[in-house]
Each structure stands twice: as structure tokens, then as C-alpha cells.
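In this chain, residues are counted from 1 in sequence order. Just so it is clear, the structure is predicted and the values come from calculations on it, not from any experiment.
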Amino acid sequence: MGGAAVASLAATRRRSTLPVSSLLHRAARGLHEATAAAEEDKARTRRRRSSSTRLLGPDISDTWDPAPRAAAREPPPRSSAVDCESTATIIDGKSIAEDIRLQISEEVRQMKNAVGHVPGLAVVLVGDRKDSQSYVRFKVKGCEEVGIKSLLAELPGNCTEDEVVDSVSRFNEDPSVHGVLVQLPLPQHMDEEKILNAISLDKDVDGFHPLNVGNLALRSRKPLFVSCAAKACLELLLQSGIDLMGKHVTIIGRSKVVGLPTSLLLQRHHATVSVIHAFTSNPEEITRESDIVISAAGVANLVRGSWLKQGAVVIDVGTNPVEDPASDYGYRLTGDVCFEEAVTVASAITPVPGGVGPVTIAMLLANTLDSAKRVYGLSDPTP
């Protein structure tokens with residue numbers, strides 16, 4: 001073969017192999033890009049999932065123990081000098097509750113005459129906690145005073161969740177029962193949310209059902225029931241002539257029983273609401289700027305007089321047993337607020353006992369009455 005022919009053949013072979021190399025190179029580059037894109041998609045998915053979890057926040061309970069800052073200090077000794085220095089009006093919860101019970105009693109009487117039935121409240125009590133037993137006795141007594149039928153299911157502390165749910169379900173199906181509540185707290189081995197969610201929405205007189213809480217959060221919606229303690233706080237303020245619109249209200253504690261529903265209810269009244277919890281770094285500074293302070297932390301003497309601005313209104317939801325050898329029971333009940341200090345600073349304050357507690361029970365009776373009214377078509381009650 002001549003030199004020219006050899007050169008021509010070599011050139012042809014080079015031209016025929018170039019496209020194959022190019023294709024291989026392009027294929028490798030495409031595979032690399034596809035792999036990189038897939039890894040990026042995975043990373044984005046991981047970021048999205050992680051972000052969703054973080055948005056809900058860590059599930060950490062509010063533990064106020066050890067008591068923060070000045071709460072550990074003992075209150076000043078009780079003396080007659082406190083009364084002399086007092087500038088605050090005492091908000092009498094007992095009197096307000098009595099008026100509410102009288103009205104409920106009359107409506108129950110009218111219901112019985114009209115339809116031959118009375119409202120019914122069922123309570124499920126698990127375990128033998130002395131405080132829970134005491135609260136249940138107050139609720140049963142309140143029912144008796146206004147003519148509401150009460151039923152009580154008592155279960156041992158070592159019972160199963162299913163046994164509690166079964167008790168709730170029986171009350172759900174009982175047409176003579178218009179309100180069902182499970183006394184809290186439950187034993188630690190139980191799933192509180194599972195048990196509370198077993199309560200029928202239209203008998204959830206404690207107002208803990210997610211739909212009731214959700215509807216409370218949406219101003220355009222109306223829940224069937226509002227938390228009794230939250231309603232009690234608002235009732236005490238409104239009955240005392242306290243204007244809420246535009247006022248700065250600080251709530252200490254964010255539980256589903258008091259703090260959360262109270263904050264939602266106050267926003268419906270156009271108050272500006274701050275919520276303090278166990279991880280708040282500057283609670284004293286926040287409360288000192290507040291027109292109204294509502295404490296539901298469950299820590300005796302947490303709120304000192306120095307936490308309040310002059311003329312603030314104080315609603316003390318706390319009910320804490322404190323050792324007192326002079327008492328017949330060996331202890332006395334005190335609130336979250338150091339009453340002896342706060343009474344010289346505040347313009348109005350609820351005592352403990354005799355403040356929020358009686359009105360809370362009255363609100364439970366009112367919720368039960370409203371539930372029966374819906375069933376019997378007597379009215380269209382609003383929470």
C-alpha cells in the first residue's frame with residue numbers, strides 16, 4: 001500500500017473514533033450531573049423534613065423547679081400591717097361564683113319544667129391523689145347545689161388506658177350525660193392526649209378537644225366550649241369592670257388548661273398578650289410592663305411585688321399547698337403571687353383561696369348547662 005493510502009486510512013479511522021469518544025465523555029458527564037442532582041434533591045428533601053420538625057419545636061415540658069430567681073424566698077410574715085398598707089381591691093371570686101350558680105340553678109329548674117330533664121356531668125377520676133379527689137368533691141358538690149346530675153367513675157392508678165377510655169366511651173353514649181371530663185393529671189404511664197381525645201366533642205365541657213381549641217384560636221369561629229379556668233379569668237376581669245381592649249396582659253404559664261386558652265380568649269378581646277414560661281429569660285421585666293398579670297405557673301410565691309407595676313391587676317390562678325404547722329391540715333393553700341407584697345402594689349387582686357377556684361367550678365357548671373340546652377333545643381348558647 002502506498003504512503004498516501006496509508007495516511008488516508010489512518011485519517012478515516014481517527015474520524016470514525018472521535019464521535020465514540022465524545023459520546024462516552026458526554027454520557028459520563030451526564031451521569032455525573034444526574035448523580036449530583038439526585039444528591040441535591042435528597043439534601044433538599046432532608047432539609048425540608050428537618051425544617052418541618054424544627055418548626056414544631058422540641059417537646060420540652062415547662063418545669064419551674066427549682067423555682068427561678070426570687071421565687072425561692074419566703075413571703076413576709078402575715079400581719080395586720082398588711083391590711084393597713086393595702087391599696088388593692090380584693091376581687092371576691094366566691095361572691096361572683098355564687099351569683100353565677102344562682103342563675104344556673106334557676107335555668108336548670110326551668111329546663112326540668114320544660115323538658116323533664118336536667119343537665120348531667122360525668123367525671124372520670126384515676127388514682128388516689130388527694131388534690132384530685134378534693135377537686136372532684138368540689139365539682140360534685142357544685143352540681144348538687146344547682147340541680148345538675150353528677151356521675152363519677154373512679155379507677156385505680158394502675159389501671160390501663162383502655163379502661164379509662166372505656167369509661168369515657170360509656171359516658172359519651174349516655175344520653176343523660178351532657179358533659180364529660182377526665183380529672184387531670186393522669187398517672188405518668190398514660191397517654192393524656194389519647195384519653196382526652198376520646199371525649200365526644202359535644203360533651204367536652206373542659207374545652208380541651210383540638211377542635212374547640214382550634215376554633216377558639218380563629219376569631220371567625222366559635223368553639224362549643226372554652227376552658228373553664230380561662231373563662232373564669234375573663235369573668236373575674238369583666239365583672240370587676242376591667243377594660244381589656246389594648247391592654248398589655250402577661251400570662252405566666254402556657255398549659256392547655258389555663259395559659260393557652262386564656263391567651264387566645266384575651267386576644268378575642270383585643271388585648272396585647274405576652275406569655276411567660278419556664279424558659280423566659282426576663283420574666284420580671286415583662287410583668288413590670290403589664291397592665292394585667294395572670295399567673296398559672298403552679299409555683300408558690302413566684303411573682304413578687306417587685307414584678308408588678310403600680311396599679312396592675314393581678315389574677316392568681318395558682319393553688320399551691322405550703323406547710324403550715326398552725327393549720328388544722330398541716331398546710332395552707334397559697335397562690336403563685338406573693339399576696340402580702342402584691343397587695344400593696346396592685347390596684348386589684350384575687351385571693352387564694354376564694355378567687356379563681358370557685359368561679360372555675362361555676363364555669364364548668366355553666367358549660368354543662370349550655371351543652372344540655374343544645375341537646376334539648378332550648379337555646380343556641382355561646383361559650
Side-chain angles (χ1 to χ4, degrees), residues 49 52-65 121-129 131-133 135-136 139 151-174 177-218 221-233 251-265 275 277-279 296-298 317 319 360 363-364 367-368 371 383:
R49 288 173 181 165
S52 297
T53 302
R54 283 198 295 267
L55 281 173
L56 292 177
D59 186 10
I60 304 174
S61 61
D62 268 1
T63 302
W64 296 82
D65 187 23
L121 174 66
V123 180
V124 178
L125 174 62
V126 184
D128 56 359
R129 284 179 58 120
D131 55 347
S132 292
Q133 291 173 338
Y135 296 146
V136 169
K139 292 169 183 177
L151 296 90
L152 175 61
E154 296 184 83
L155 300 171
N158 60 355
C159 70
T160 65
E161 286 182 3
D162 288 341
E163 289 177 291
V164 182
V165 171
D166 286 344
S167 293
V168 169
S169 298
R170 284 195 295 271
F171 288 140
N172 283 341
E173 296 166 3
D174 187 341
V177 172
H178 307 95
V180 179
L181 68 87
V182 176
Q183 184 64 44
L184 302 178
L186 290 167
Q188 290 187 351
H189 69 277
M190 293 187 176
D191 185 342
E192 186 177 285
E193 292 303 319
K194 173 185 174 182
I195 291 171
L196 293 180
N197 288 342
I199 298 174
S200 174
L201 174 63
D202 56 4
K203 297 187 179 185
D204 173 43
V205 288
D206 258 341
F208 295 158
H209 194 286
L211 283 177
N212 279 323
V213 177
N215 285 334
L216 178 61
L218 301 173
R221 306 288 292 273
K222 289 184 178 180
L224 290 177
F225 305 101
V226 175
S227 158
C228 304
K231 288 179 71 173
C233 291
I251 301 172
I252 305 175
R254 53 180 175 178
S255 73
K256 66 173 173 287
V257 179
V258 186
L260 174 61
T262 304
S263 68
L264 297 175
L265 198 53
V275 177
H277 48 77
F279 303 96
V317 188
T319 306
T360 299
M363 292 297 109
L364 173 63
N367 279 355
T368 305
S371 180

Measure the spacing between CG of Leu265 and CG of Leu260 and express it to the nearest 0.5 Å. 11.0 Å
Write down the atom of Val126, the atom of Gly157, and the distance for their closest heavy-atom approach. CG1-CA, 4.3 Å
List the residues meeting salt bridge (Lys or Arg N to Asp or Glu O under 4.0 Å) with Asp131, not counting sequence neighbours, and say none if there are none. Arg129
Partners of Thr360 by side-chain hydrogen bond (donor to acceptor under 3.5 Å, both in side chains), sequence neighbours excluded? none
Closest non-hydrogen contact found for Val275 with Ser263 is CG2-CB, 4.2 Å
Where is the tightest heavy-atom contact between Pro261 and Ser255, given as atom of each residue plus distance? CD-O, 3.6 Å
Measure the SG-CE distance between Cys233 and Met363 for me, rounded to the nearest 0.5 Å. 11.0 Å
Report the distance from atom OG of Ser169 to atom CG of Asp174, rounding to the nearest 0.5 Å. 12.5 Å
Would you say the side chain of Pro210 lies within less than 4.5 Å of the side chain of Asn197, judging by non-hydrogen atoms? yes
In the structure I gave you, are the side-chain heavy atoms of Ile195 and Val165 within less than 4.5 Å of one another anywhere? yes
Report yes if the side chains of Leu224 and Asp204 come closer than 4.5 Å at any heavy-atom pair, otherwise no. no
Name all residues meeting the side-chain hydrogen bond (donor to acceptor under 3.5 Å, both in side chains) criterion together with Glu163; count only those two or more places apart in sequence or in a different chain, and write none if there are none. Thr160
Test side chain to side chain contact (heavy atoms under 4.5 Å, CB included) on Val257 and Phe208 and set out the steps. CA-CA 7 Å; Val257 179; Phe208 295 158; 3.7 Å; yes
Can you measure from CG (Asn215) to NZ (Lys222) and round to the nearest 0.5 angstrom? 11.5 Å
What one should report as the nearest heavy-atom pair of Ile251 and Gly253 is CG2-O, 3.5 Å
Measuring from Leu364:CG to Tyr135:OH, what's the distance to the nearest 0.5 Å? 14.5 Å
What I'd like to find out is whether the side chain of Leu211 reaches to under 4.5 Å of the side chain of Pro223, using heavy atoms alone. no
Gap separating the CZ atom of Phe171 from the CG atom of Leu121, nearest 0.5 angstrom: 9.5 Å
Can you list everything that forms a side-chain hydrogen bond (donor to acceptor under 3.5 Å, both in side chains) with Glu192? Sequence neighbours excluded, please. Lys256
Closest approach of Asn172 to Ala198 (non-hydrogen atoms, all atoms of both residues): ND2-O, 2.8 Å
Indicate yes or no for a side-chain donor-acceptor contact from Thr262 to the backbone of Gly259 under 3.5 Å, with no hydrogens or angles considered. no
Throw together a table of side-chain donor-acceptor distances under 3.5 angstrom for residues 177-191, partners on residues two or more places apart or in other chains.
from	atom 1	to	atom 2	distance (Å)
His178	ND1	Gly120	N	3.0
His178	NE2	Tyr376	OH	3.1
Gln183	OE1	Lys139	NZ	2.7
His189	NE2	Cys159	O	3.0
Asp191	OD1	Glu193	N	3.2
Asp191	OD1	Lys194	N	3.2

side-chain hydrogen bond (donor to acceptor under 3.5 Å, both in side chains) involving Asp202 - partner list, sequence neighbours excluded: Ser200
